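Step one of this worksheet: look at the structure below.
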Amino acid sequence: MMEDLYRAYILEHYKEPHNKGDMEHPDRFAAYANPFCGDRLQMGVRLEGDRVVDVRFNGAGCAISQASASMLTDEIIGKTLAELAAITRDDIFAMLGITLS
């Protein structure tokens, strides 16, 4: 039952992603492409001091990759760079709430 709720939440983020778009002149920028499946993501953040005040992502790929980027943008607004550096792959998987194969 809970996994069904998480799947619906993932699809919601995929269809109506939060913080999607390009950011001109971000303070920090990262890009990633998965050569195995073709997913591509880029993310830019704007900082005040060392705290994230704005974030945007863009990319193309499967529902999981795009939804997780959308969810991550919601999660990192207001966090410090140290808090961002502490986010692990397992944290992102936990945020998705489903088991990935």
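Here the structure is a predicted model, which is why all the values come from computation and not from measurement.
The two residues C62 and D39 come nearest to each other via the heavy atoms N-OD1, 3.0 Å. Nearest approach of A67 to I10, heavy atoms of both residues: CB-O, 3.3 Å. Smallest separation of non-hydrogen atoms from G44 and P26: CA-CB, 3.9 Å. Of all heavy-atom pairs spanning D91 and A86, the tightest one is OD2-O, 3.7 Å.
The cluster map of Ile, Leu, Val, Met, Phe, Trp and Tyr, joined by side-chain heavy atoms under 4.5 Å apart, puts I92 and V52 in the same cluster. In the hydrophobic cluster analysis, where Ile, Leu, Val, Met, Phe, Trp and Tyr join through side-chain heavy atoms closer than 4.5 angstrom, F93 is grouped apart from Y32. When the side chains of ILVMFWY residues are joined at heavy-atom separations under 4.5 Å, either directly or via intervening members, M71 and M23 end up in two distinct hydrophobic clusters. F29 and I77 fall into different hydrophobic clusters, where Ile, Leu, Val, Met, Phe, Trp and Tyr are joined by side-chain heavy atoms under 4.5 Å apart, directly or via other members.
Side-chain contact between S70 and N19 is absent, with no heavy-atom pair separated by less than 4.5 Å.
Under the side-chain contact (heavy atoms from CB on, under 4.5 Å) criterion, L41 pairs with F57, Q66, A69, not counting sequence neighbours. The salt bridge (charged side-chain N to carboxylate O under 4.0 Å, His left out) test applied to D74 returns no partner, not counting sequence neighbours. Every residue two or more places apart in sequence or in another chain was checked for a side chain to side chain donor-acceptor pair (under 3.5 Å) with E12, and none qualifies. In this structure, the side-chain contact (heavy atoms from CB on, under 4.5 Å) partners of L81, at least two apart in sequence or on a different chain, are R28, L47, D50, L84. Scanning for ring-ring contact (aromatic ring centres under 6.0 Å, His included) contacts around H13 gives Y9, H18, with sequence neighbours left out. Every residue two or more places apart in sequence or in another chain that forms a side-chain contact (heavy atoms from CB on, under 4.5 Å) with N58 is listed here: K20, D22, Q42. Not counting sequence neighbours, the partners of R40 by the side-chain contact (heavy atoms from CB on, under 4.5 Å) test are A33, A60.
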Quiz item: Are M43 and L72 close enough, and set up right, to give a side chain to side chain contact (heavy atoms under 4.5 Å, CB included), and what steps lead you there?
Solution: CA-CA 10 Å; M43 191 172 289; L72 184 60; 4.3 Å; yes

Quiz item: So E75 and M95, side chain to side chain contact (heavy atoms under 4.5 Å, CB included) or not? Walk me through it.
Solution: CA-CA 9 Å; E75 186 70 26; M95 186 175 47; 4.2 Å; yes

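No side-chain donor-acceptor contact under 3.5 Å links S65 to the backbone of G61.
Counting only residues at least two apart or in different chains, salt bridge (charged side-chain N to carboxylate O under 4.0 Å, His left out) contacts with residues 54-73 comprise R46-D54, D54-R56. Note on residues 58-67: no pairs pass salt bridge (charged side-chain N to carboxylate O under 4.0 Å, His left out), not counting sequence neighbours.
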